[in-house]
Every structure is written in structure tokens, then in C-alpha cells.
Protein chains: 4
Amino acid sequence: MIFTSDNAFGVAPEILDALARANEGAVPSYGGDQITARIQTRFAEVFDHEVAVFPVATGTAANALALATLTPPHGAVFCHAHAHVNVDECGAPEMFSGGAKLVGIAGDGGKIDPAALEAAMAALPAGVVHNVQPSTLSITQSTEAGGVYTLDELRRLTGIADERGLHVHMDGARFANALVALQCSPAEMTWKAGVDVLSFGATKNGALAAEAVIFFDPAQAADFAFRRKRAGHLFSKMRFVSAQLEAYLEGDLWLRNASHANAMAKRLADGLALVNAARLQTPVEANEIFVRLPREMLKRLRAAGADFHPWPMEGDDGEARTVRLVTSFSTRADDVEQFLKVVSG
Amino acid sequence: MIFTSDNAFGVAPEILDALARANEGAVPSYGGDQITARIQTRFAEVFDHEVAVFPVATGTAANALALATLTPPHGAVFCHAHAHVNVDECGAPEMFSGGAKLVGIAGDGGKIDPAALEAAMAALPAGVVHNVQPSTLSITQSTEAGGVYTLDELRRLTGIADERGLHVHMDGARFANALVALQCSPAEMTWKAGVDVLSFGATKNGALAAEAVIFFDPAQAADFAFRRKRAGHLFSKMRFVSAQLEAYLEGDLWLRNASHANAMAKRLADGLALVNAARLQTPVEANEIFVRLPREMLKRLRAAGADFHPWPMEGDDGEARTVRLVTSFSTRADDVEQFLKVVSG
Amino acid sequence: MIFTSDNAFGVAPEILDALARANEGAVPSYGGDQITARIQTRFAEVFDHEVAVFPVATGTAANALALATLTPPHGAVFCHAHAHVNVDECGAPEMFSGGAKLVGIAGDGGKIDPAALEAAMAALPAGVVHNVQPSTLSITQSTEAGGVYTLDELRRLTGIADERGLHVHMDGARFANALVALQCSPAEMTWKAGVDVLSFGATKNGALAAEAVIFFDPAQAADFAFRRKRAGHLFSKMRFVSAQLEAYLEGDLWLRNASHANAMAKRLADGLALVNAARLQTPVEANEIFVRLPREMLKRLRAAGADFHPWPMEGDDGEARTVRLVTSFSTRADDVEQFLKVVSG
Amino acid sequence: MIFTSDNAFGVAPEILDALARANEGAVPSYGGDQITARIQTRFAEVFDHEVAVFPVATGTAANALALATLTPPHGAVFCHAHAHVNVDECGAPEMFSGGAKLVGIAGDGGKIDPAALEAAMAALPAGVVHNVQPSTLSITQSTEAGGVYTLDELRRLTGIADERGLHVHMDGARFANALVALQCSPAEMTWKAGVDVLSFGATKNGALAAEAVIFFDPAQAADFAFRRKRAGHLFSKMRFVSAQLEAYLEGDLWLRNASHANAMAKRLADGLALVNAARLQTPVEANEIFVRLPREMLKRLRAAGADFHPWPMEGDDGEARTVRLVTSFSTRADDVEQFLKVVSG
């Protein structure tokens with residue numbers, strides 16, 4: 001009963017097989033191989049748009065390199081106050097950008113509040129040398145609180161960015177989970193919604209270590225290859241990163257994996273909603289649940305072998321505490337049922 | 001007949017198997033797993049010394065993070081003029097250190113000339129604010145020119161560094177190849193020879209993407225974990241990086257792989273030495289050969305399916321050009337023989 | 001009637017004279033001169049403590065270099081949300097530190113709220129690689145809102161910092177104004193109150209361009225000279241920066257200048273307090289006033305030749321707006337009276 | 001008899017007077033004043049070209065900010081091996097650029113050898129991610145060895161840069177000395193010769209602390225104001241930096257000062273040329289002399305009160321050593337004669 005994180009789980013068998021298949025023969029290194037060439041085409045099909053695709057191996061690399069490309073050292077990146085780029089990457093965007101400033105914006109369910117965004121932008125007037133310059137908006141989809149922006153919500157935010165001439169980055173560490181939740185196309189959730197650059201995550205959803213930075217305007221990617229190399233994120237045996245991405249897209253594995261994870265989360269949330277003592281803190285729209293449970297119940301769960309992370313929230317007290325439950329492509333239905341059984345005690 | 005690079009080859013089967021084995025179950029992420037814990041102990045045994053070990057996935061990450069840890073932004077790193085850190089990492093050490101300066105030192109066979117090193121240090125007096133401050137010596141073992149420093153040569157250089165209070169880094173992208181060439185212990189070639197921090201390479205010698213930064217004085221590693229994280233080089237599914245390293249060390253796979261590569265290079269070099277028109281440019285001590293061949297011979301080789309990189313050197317002309325030949329853990333003896341057969345034409 | 005900023009005013013005649021006197025003869029450059037040597041001693045006397053003093057020419061240089069010395073690239077600097085280092089230096093601390101993160105803390109009157117500080121620190125647990133590491137507390141004295149921390153308030157904050165092992169920086173751009181307000185000694189307001197490094201400002205209070213970074217523990221200054229040089233802040237004709245500081249301290253010019261500025265602000269504030277339509281937004285404790293005035297009154301003031309900056313605050317509306325009024329060492333009493341006369345209409 | 005450096009001397013009286021004049025009244029800060037506006041026009045006239053002018057206070061700031069504007073973090077700056085930016089700024093260009101690489105090029109008399117420049121560029125192929133990208137050429141005029149590039153020599157170098165798409169920066173710390181040596185116009189020595197950005201030095205030639213970064217294509221300066229601010233090089237009382245530059249240009253003070261310095265150097269060099277035991281190491285074309293003198297003669301000079309810096313060069317030995325002699329706008333003819341008298345002993 002592991003609900004700590006989607007990255008606590010291993011690799012999807014289809015992807016492990018792809019690594020073995022990719023191991024045939026000697027091929028050009030540093031991305032000169034055929035698999036890396038093929039995924040360029042594959043991503044263009046998936047997103048129904050010209051793209052420049054750069055495989056990397058971690059989400060932090062994808063995000064920080066993307067933000068550094070879009071943001072000058074004297075620029076500001078607007079993101080949710082709880083965004084991974086703001087609080088969980090030990091300052092990677094600041095490092096890669098040469099010292100840009102991340103401006104955390106409030107908002108319920110991990111979603112940036114449009115009015116708060118406008119206020120934050122207004123506080124940093126363009127052209128005034130005393131303040132950092134509004135440059136980039138970074139949106140996490142699905143959000144760090146387990147929510148999913150609707151297409152309208154996305155367009156509202158990117159519209160504000162566009163008016164001020166900002167670039168838009170999407171942190172899609174859980175892109176697939178959001179996509180299957182919205183039942184829309186990859187194009188609709190990205191460039192059609194005003195996204196310039198996407199951190200397309202695969203690791204949390206079944207890859208070993210593979211993400212892709214996807215530019216919808218390849219001209220913006222002019223210096224990305226250099227940035228990636230000098231950051232140590234260009235892999236010599238690149239075929240093995242690309243092969244993960246290829247297998248991830250093959251036969252809609254990514255969508256099936258995400259659908260499973262979301263379904264498990266929904267089942268868990270539905271079950272918890274029936275428990276009087278449990279309080280779901282945010283709407284469960286993807287594969288994360290934030291729920292406040294009585295301390296006694298948490299003890300029982302741990303005793304029964306359940307694992308999860310505490311996630312302190314306002315309102316927690318000696319009696320009850322909030323925890324985060326994350327489901328994955330390989331979370332078993334049995335574990336979910338068992339968890340609910342313990343809770344229902 | 002691929003001799004382009006050791007990283008053109010795939011993954012050793014033992015390591016691929018280890019990835020599959022590591023895929024069992026859900027485990028703590030970001031290095032909290034058992035495999036990552038085990039390799040700490042394993043490396044301490046291998047090096048016969050207390051160590052702090054940090055797995056990363058690329059050699060550039062290992063080198064640049066290590067150098068940045070040892071060198072302040074206003075520091076100088078002394079290395080060979082042709083060192084990978086100086087010419088093949090697109091400025092990664094400069095980026096990670098916050099702008100330190102790499103000072104390239106001349107020397108035959110890719111080996112830093114001690115007198116030239118002393119002269120370069122003397123040109124940067126300590127305590128003078130106008131020049132960057134001598135901070136770190138970086139030695140590549142085996143060298144970029146296919147040579148291997150003897151233990152005496154290593155101690156000579158580290159002695160010079162020590163007198164001036166510099167730290168010593170070893171770029172061991174081909175550490176195993178050097179080790180089996182010298183027939184000494186890992187301890188003798190590192191901390192006993194004055195090395196503080198080692199970039200221990202596995203990728204070129206059979207891993208998928210795995211290197212280890214090894215501190216022989218764990219106190220020097222105090223902030224390394226933060227540097228690695230903010231550089232995007234802390235893997236969420238770390239077990240799969242660590243598993244590669246564990247399998248690499250298991251049953252001396254690393255030494256067997258390197259011995260094979262070196263043997264193939266020796267066989268190739270011995271064969272080339274018998275060819276009048278061929279000129280070996282540097283002593284072949286590990287798994288790289290730099291040889292000048294007549295243009296007509298190069299054409300014949302390419303026609304026969306041989307692949308390798310041109311490596312322009314002084315003395316090349318319209319008639320003959322230098323190329324680099326690299327052998328690997330999986331270079332086939334047949335390919336070597338076939339290559340020599342074409343050359344002998 | 002200029003109340004825009006204290007740096008709109010020129011240079012105190014005593015300091016201009018000192019520049020002329022310093023112009024005698026040829027002397028060693030880059031701080032090897034006698035004047036620079038003398039001010040080391042002078043500052044040690046003034047602060048009654050061993051100090052390492054580094055003259056620079058701008059407040060941003062002083063602050064950013066000091067913070068970069070105390071804070072690693074993966075560190076966090078806690079400061080007031082409206083602190084100059086956070087909102088008025090275009091990201092200088094981020095640049096000089098190599099990407100550290102500034103964490104803005106709320107608090108009335110420009111003063112950091114201790115509970116908010118503790119909460120912000122608690123959100124960044126030490127030793128967890130995912131978040132930047134609490135490293136430095138930066139306190140502005142007098143504050144950006146014209147307030148002055150009492151010694152008790154200072155000690156409360158530095159005590160919190162000390163418990164967590166943080167260094168303490170004081171932005172003393174208006175240090176003298178705070179000092180004469182508190183009627184305490186320089187020692188009491190700095191090292192005795194837990195301050196490690198002070199940005200000692202002189203420019204706003206009568207110098208041409210002179211600030212001093214003062215370390216109360218010279219050991220912490222080990223690499224400061226290199227940081228200053230590589231930032232372009234080591235002046236070749238240093239004697240002219242040092243001469244300003246010497247003249248500033250000579251005969252308590254600094255205290256007299258600040259006393260005058262504060263007295264002018266008090267007179268202005270007292271006058272405004274009697275005006276029904278005016279609302280003083282924060283206590284006036286140094287040389288800055290934030291006052292909301294009816295729009296019609298602002299028009300009259302401008303028409304009469306008064307100049308000042310709008311300073312939008314919550315509660316402003318179509319009828320009345322907040323403006324900032326700053327007095328200086330050379331603000332004339334006549335201008336203050338004239339301003340009040342116009343206001344009283 | 002001070003010949004240590006031109007920055008050992010003080011401020012020209014005309015410039016000191018200008019500071020006093022600029023002290024009248026309260027004016028907008030941060031460059032919003034009238035003097036700063038006027039010098040934009042003045043420099044456009046002097047250079048007979050549209051310009052964007054940014055006053056700063058040190059040569060290191062001018063150079064490093066200019067180079068950082070022209071060079072991406074993954075770029076290479078080509079300069080003379082002994083260039084100030086390469087060896088005397090403690091890594092400032094590396095810091096401001098975010099880690100760009102300076103590539104030192106050999107050449108006699110401090111002049112970059114065109115063939116060596118072409119070879120260095122060829123070693124860094126454009127578009128190859130493994131190496132830093134050729135971005136900028138930095139030329140020092142007059143050179144660090146006291147030479148002056150002819151216009152033909154300048155055009156030869158800038159032509160090479162232009163073919164490869166590089167920007168051209170000129171370090172004009174001693175711009176006036178070169179200009180009066182060549183007897184050409186400021187336009188001829190800069191934009192007409194292919195220079196994009198100039199560090200226009202005034203400090204060494206009589207200012208207190210004033211340099212100007214001059215862009216001949218203002219479009220390239222788009223983000224310079226932000227870079228200057230976040231580096232702490234935007235002065236609040238900017239009028240006093242601008243006033244120095246205005247006075248420097250007024251009535252050709254700059255040219256008169258430089259002519260005097262050059263004349264003093266020529267007189268000194270002519271005298272030394274007659275001394276058998278003295279060996280002039282490089283042609284004396286501006287205001288610096290590098291001369292090897294017998295050790296006994298050096299002793300006599302020091303005993304007589306002469307001061308200068310040792311400048312070790314190849315060929316120095318126990319008998320004779322090279323020293324640098326620098327003359328300035330205020331070097332007295334008497335001191336020169338006295339020096340020669342001692343030498344002729």
C-alpha cells in the first residue's frame with residue numbers, strides 16, 4: 001500500500017523492453033541515433049504541430065532549462081506559490097537562468113489566481129530598471145494540489161501573459177494525468193491554449209528517467225542545445241532516453257497508464273468521501289489526493305503497511321492531519337480497497 | 001567496424017539485467033532506496049577508504065559538479081589544454097562554478113607538463129585580487145590522448161597542487177581503462193596519489209548512463225547534495241542509476257570490460273605499427289588510438305564499413321590525416337582483424 | 001520643495017572639500033592609499049569592535065556583495081517583502097550569489113514580523129535537498145516604510161536567525177537616520193544586536209557615492225575582496241571613495257546630517273498630523289513619510305512646485321492617494337513650512 | 001617620480017570643478033538628470049554616429065557588462081592572452097556573462113595575431129554543442145603592452161570577426177591615448193573600423209571614476225540598463241558620473257590630457273633609447289613603456305624616489321629586469337628628466 005509518490009514505482013514493462021531493444025548495435029552518440037530522430041516526428045504527430053523536442057532525464061532539468069531559455073537573468077517567472085519550480089527544485093530555475101526571480105502567486109487547488117497574477121505583474125512594471133522584468137508564466141498541469149486547469153482556465157492565464165508579452169511554460173510532470181482528465185487533445189491543452197514550451201513528463205508515469213522539453217516555436221529553441229549540453233543533460237547514449245519516450249507514446253501507453261492512475265485516485269477519493277472523519281482538502285482531478293485524517297486512523301493505516309507523506313495544511317491539529325496519497329500506473333486496485341477497508345475500520 | 005567512440009556502444013548485458021532486477025516493487029525515491037545505500041559501502045570497499053558517493057548520469061555532470069564544489073567563482077582550475085572539461089563540455093564547469101576560469105596546460109600525450117603547470121600557477125599569485133585564485137587541479141586518467149599517467153607522474157602533479165593548497169580532481173571517464181593498464185589498486189590511483197575527488201565513469205565502459213562523484217574526504221562534500229539537486233541531476237528513480245553502478249562493480253565486470261577494450265586497442269595498435277604508411281601519434285596505453293593514415297587508406301576503410309572520427313593534428317596534410325579509433329567493452333576481435341586487413345590492403 | 005528621495009540631493013560641502021584635499025599627489029591605487037588604511041581604524045573606533053571594511057560606491061553593490069558572501073547559491077535570504085534587496089535591485093542579490101532565493105516576509109511598517117519569519121523558515125527545512133537552505137536574514141534599518149526597529153525588535157529577529165544558524169545582514173542605506181532616532185551607539189545597533197555584516201550607507205546622507213561593507217567578524221570576509229573585484233566594484237582611484245567616508249565620519253557629520261533630515265521629517269509629519277484630510281500611513285521614525293492626501297491637495301502641491309513620488313497603498317482610491325515624502329541632510333526648513341502651508345491651503 | 005600607473009594620479013582640476021558645479025540643487029536620480037541627457041548628445045557628436053551611452057564608474061564594470069551583453073553564457077570571447085579582461089579582472093567577464101569562456105590569443109606588442117585568431121576560432125566550430133560558441137572579439141586599444149593598432153590592423157581583425165558573425169568590443173581604457181597616437185577621428189577608430197561596443201575610459205586619463213559603455217547600434221543595448229542596475233553599477237547620484245564625462249570631453253580636455261601623457265612617454269622612451277644598458281621591449285606608441293634595466297640602475301632609481309612596477313618578461317635574469325613605466329595627464333616633465341638623469345647616472 002504505497003501512496004508516497006508516483007516516482008516510488010518502477011518502470012512500465014513496455015518501457016523496460018524498449019531499453020533492451022534499443023541496445024542492438026553501435027550507433028551515433030549524443031542524439032545522432034535513429035530513435036532520437038523518430039521521436040521528433042512522433043511528437044509532431046501527437047501534438048499536431050511543428051515541434052523541437054529535446055529529451056532530458058529529470059523534470060527539474062526540463063523545467064529549469066526551459067525557463068532559462070525563456071527568461072533573461074533580469075527576468076521574473078510567475079508561477080503558483082507552491083509550484084515545483086518554486087519550492088521543490090532547490091533553486092534550479094534561478095541557477096540555470098543566471099539569477100531570475102520566481103514570483104509565487106496564490107490560488108486555490110494549486111491553480112494560479114488570475115487576479116493575483118495580474119496584481120503581481122502590475123507590481124513589476126516593464127522597462128523600470130529597479131525591478132526584475134516580467135518574462136515568463138509557468139503553469140503546472142496537473143497542479144501540485146492534484147487539480148487540473150480547464151481549457152478555459154488555461155486560456156485565461158495565458159491571455160494575461162500574452163497581453164504583457166510574456167512567454168508561457170507548462171510544467172507537465174503529470175501531463176498525461178491532466179490530459180486524460182480533460183479528455184482533450186494534446187494540442188488543445190498546449191499550443192492551442194497559448195503554451196510556448198512544455199516540460200513533457202514521462203518518469204512519474206512509467207518511464208525510468210525520461211522527459212522531453214517541447215518547443216512549439218522551434219525558433220525559440222535556438223540556443224537550447226547549448227544550454228542542455230553545458231548543464232550536463234545531453235546524454236552520450238541518448239538512444240536509451242529516446243527509446244523510453246518512444247515506448248511511452250507507442251500504442252497510447254502513456255494515456256493508458258495515466259488513466260489507470262487517475263482511476264485509482266478516483267476510487268480512493270470516492271471511498272474517502274464516504275468516511276465521515278476524512279476531509280478531502282482539494283478536488284481530486286488527477287492522481288493525487290490531499291486528505292485530512294484523524295491521527296488514530298493514520299496510525300492504523302501505517303500499522304497495516306500503508307505508506308504516504310504528511311502534507312501539513314492549515315486547519316491541521318493534534319486530532320487530525322493532512323496527508324498526500326499518490327496513485328500511479330502500477331497502483332493495484334487491491335491496495336486501494338485495502339486502504340479504504342482500514343480507513344473504514 | 002565502429003571505432004567512433006566507446007559511448008557508441010550499448011549497455012553490458014549484466015547491467016541491463018540489473019535494471020530489470022531493480023524494477024521490483026515500490027521503493028523510496030531520490031536515493032532513499034536500498035541499492036543506493038549499498039553502493040556507498042561497496043565503493044568504500046573498492047577504494048579501501050571512507051567515501052561519500054553521489055551517483056549522477058553523465059560525465060559532464062560529474063565533472064562540473066565536482067569542480068564547482070572544489071572551486072570558488074573567483075577560482076582557477078588547472079587542467080590539460082585538451083581536457084574534456086576544457087574543450088568538450090560547452091563551458092559546464094564555468095556554469096556550475098559561477099564563472100571560474102579553466103587554465104589549459106600543455107603537455108604531451110594529454111598529460112599535464114609539471115613545469116608548465118608550475119609556470120601557470122606562478123602567473124596567478126595567491127591573494128592578489130586582480131587575478132583568479134588557483135584552486136583546483138583536474139587530471140584526466142586515462143588522458144584524452146589515450147595515455148595513462150603513471151603513479152609517479154600523478155604524485156608529481158598532485159604534489160605541486162598540494163604545495164599551493166589546491167584541491168585535486170580526477171576525471172575518470174575512462175578510470176577502469178587506466179586502472180587495468182597500471183595494474184594497481186583503485187586506492188593507489190586516487191587518494192594514495194593525492195586525489196580528493198573522483199569522477200568515476202561507468203557509461204563509456206558498459207553502463208547505460210551512470211557515473212559516480214566520489215569524495216575521499218566526505219567533509220568536502222557538505223553541499224554537494226544541494227548542488228546536484230539544483231542542477232537537475234538528482235534522479236527521482238535513483239535506484240536505476242545505482243543499480244547500474246552496483247552491477248558494474250559486481251564480479252569485477254568493470255575491470256573485465258576495460259581489460260577487453262584495452263586489449264582490443266593494443267591488438268589494433270600492434271597491427272598498425274607494422275604498417276609503414278601508418279603513424280601512431282601517441283603511445284597507446286588504454287583504449288584510444290590516434291593514428292595518421294593515408295587518405296587513400298581512409299577511403300578504403302570507410303568503403304569497407306569502418307567508422308571513426310577525424311582528429312586533425314599538426315602535420316596532417318593533403319596526403320594523410322589523423323583519426324581517432326576507440327575500442328570498447330564490446331568491440332569484437334573480428335572487427336579489429338578486419339580493420340587491419342583492410343589497412344594492410 | 002523636493003521630497004522625491006534623499007538621493008535627489010547633492011553632496012555635503014564637507015565631503016566635496018574632502019575630495020579636493022584627497023587629490024594631492026600620486027598614491028597607490030586600488031585601496032593601497034593612506035586614506036583607505038585610516039578608515040579601517042576609524043570604523044573600528046566608531047563601532048567599538050574589530051572590523052573588516054570594504055568601501056564600495058552603491059548600496060546595491062554593498063547589499064548584493066554582502067549577501068553573496070553570506071549565502072551559498074542554494075541558500076535562502078529572508079528579508080521583508082518590500083525590502084530594497086527584494087524589490088528595488090533588479091535581482092542583484094540573485095546575480096551575485098549565483099541564484100540564491102530571496103524570501104519576502106510580511107510585517108507592518110516595513111518591519112519583518114517575527115512569527116511570519118519563523119513560519120517561512122519552518123517551510124524550508126535544513127538538510128532537505130528539495131528546498132533552498134535557510135542561510136541569511138537581511139534587516140533594513142531604518143525600514144523601507146520609514147520605521148526604525150527598536151533594539152529589542154532587532155534582537156528578537158537576530159535571535160530567531162541565530163537559533164537556526166543563519167547569518168545576519170543589515171541594510172543600513174539609512175543607518176545614520178535610524179541611529180539618531182534610537183539614540184544608541186553604532187555597536188548597540190549592530191554586533192551587540194546580533195548583526196554580522198552591515199551595509200553602511202553614506203550616499204543618501206550626503207556622500208557622492210560611498211558605502212562601506214563592514215564585517216564584524218573579519219574571518220567571514222575571507223573572499224570578499226575577490227568578489228568585489230570581479231564585480232567591478234574595486235575602484236582604481238579608491239582614495240576618493242575612502243575620502244568621502246572619512247569626511248562623513250569626521251566631526252560627526254553623518255550624525256548631524258541625519259539628525260537634520262529626521263528633524264525635517266518630524267516637523268513635516270507633525271504638521272500633516274494636524275491636517276484632517278491627511279492620513280499618515282506609518283509611524284514617522286526616520287526621514288521618510290508615507291501619507292495619503294486628497295487628490296486635489298496633491299494637485300495644489302505640484303502646482304506650487306512640490307515634487308514627490310506616488311506610493312500606491314491599499315485603501316487609495318479616486319479621492320486620495322498615498323505619496324512618499326523624503327527629507328535629507330539638505331532639506332530646507334523653509335521648504336517644509338511652505339509644503340505645510342500649501343497643504344493647509 | 002611616480003610611473004606606477006596612470007590611475008595612481010588624481011583628478012584633473014577641470015573635472016573636480018565640474019563635480020562642484022554639478023552639486024547645485026536637487027535633481028532626478030538614477031540618470032534622470034540633465035547632465036546625463038546632455039552627454040548622450042555630446043557622445044553622438046564626438047563619434048559622429050547614433051549611440052546609446054551608459055556611464056559607469058570602473059573599467060572592469062564597463063568591460064564585463066559590455067561583454068556579457070554581447071556574449072551568451074555558452075559563448076567564447078576572443079581577446080589577447082594578456083588582455084585586461086583575461087588576466088586583470090578576477091574573472092569579471094565570466095561572472096557577468098554567466099560563465100562564458102575567454103580565449104586568449106597570442107601576438108606581439110599586445111596585439112592579437114590575426115592568424116592565431118583564425119586558428120582559435122577554427123577550433124571552436126559553430127553549431128557543435130560540445131564547444132563554447134564563438135561570439136565576441138575584444139580588442140584593447142591602446143594595448144596592454146603600450147602599442148596602438150593601426151586602422152588597418154583593426155579592420156583586419158574585425159573583418160575576421162565579421163565573417164564569422166562575431167560582435168566586436170573595444171576595451172578603450174586608454175582610448176584617448178590611442179586616438180591621439182593615430183591622429184584619426186573617434187569614428188574612424190571605432191564603428192568605421194568595425195567596432196560594435198566601446199568601453200570608453202576616462203578614469204586613467206583624469207577622471208575620478210568615470211567610464212562610458214557606448215553602443216554604436218542602440219538595438220544591441222536593449223537589456224543593458226537592466227544588466228547595469230542588477231550589477232550595482234547604476235549610480236543614484238548619477239549626475240556626478242556624467243559630469244565627469246562632460247568635463248572630460250569639454251574643450252578637448254581628454255585629447256589634451258592624452259597628448260601630454262603620450263608626449264611624456266615619448267620623451268622618456270627617446271631618452272632611454274640612448275642608454276646602452278636599457279632595452280625597450282616593445283614599441284612605445286601611447287603612454288606605457290616596458291623597458292629592461294640593469295638591476296643596479298633600478299636600485300639607483302628607487303633610491304632617487306622613482307616608483308614603478310616590475311613586469312617580468314622572458315629574457316629577464318639576475319642582471320637585468322623589465323619594468324613598466326606609465327605616464328599620465330599630470331606627469332611632470334621634470335620627473336621625466338630627473339628619471340633620465342638618474343638612468344644616465
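So that the names make sense, note that chain A is the first sequence line, chain B the second, and so on, each numbered from 1.
At least one donor-acceptor pair under 3.5 Å links the side chain of His233(C) to the backbone N or O of Ala231(D). Under the 3.5 Å distance criterion, the side-chain polar atoms of Arg230(C) are left unmatched by any main-chain donor or acceptor of Phe96(D). Panel note: side chain Lys237(C), backbone Gly10(D); a donor-acceptor pair is recorded below 3.5 Å.
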In a table with atom names and distances, give each donor-acceptor pair under 3.5 Å that connects a side chain of residues 19-31 of chain C to protein atoms at least two apart or in another chain.
residue	atom	partner	partner atom	Å
Asn23(C)	OD1	Val11(D)	N	2.6
Asn23(C)	ND2	Val11(D)	O	2.9
Ser29(C)	OG	Asn7(D)	OD1	3.0

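Other residues, nucleotides and ligands contribute at most 12 non-hydrogen atoms within 6.0 Å of the CD atom of Gln34(C). Under a cut-off of 6.0 angstrom, the local environment of CD in Glu250(C) is sparse, with at most 12 non-hydrogen atoms contributed by other residues, nucleotides or ligands. Within a 6.0 Å radius of CZ in Arg332(C), no more than 12 heavy atoms belonging to other residues, nucleotides or ligands are found.
Within residues 59-68 of chain C, the residues approaching chain D closer than 4.5 Å by heavy atoms are, in numerical order, Thr60(C), Ala61(C).
At a 4.5 Å heavy-atom cutoff, Thr4(C) makes no contact with chain D through either its backbone or its side chain. Proximity to chain D involves both the backbone and the side chain of Leu208(C), based on heavy atoms less than 4.5 angstrom apart. Residue contact with chain D, scored on non-hydrogen atoms closer than 4.5 Å, is absent for Arg227(C). Proximity to chain D is limited to the backbone of Asp88(C), based on heavy atoms less than 4.5 angstrom apart.
In terms of the side chain to side chain donor-acceptor pair (under 3.5 Å) criterion, residue partners of Asp307(C) (sequence neighbours excluded) are, by chain and number, Arg302(C). Scored by the ring-ring contact (aromatic ring centres under 6.0 Å, His included) test, Phe339(C) finds Phe3(C) as partners (sequence neighbours excluded).
Between chain C and the options Thr203(D), Leu234(D), Asp33(D), heavy-atom pairs under 4.5 Å are most frequent for Thr203(D). In terms of heavy-atom pairs under 4.5 angstrom with chain D, the leader among Ala92(C), Gly98(C), Pro13(C), Pro93(C) is Ala92(C).
Here the shortest heavy-atom pairing between Glu89(C) and Lys229(D) reads CA-CE, 3.9 Å.
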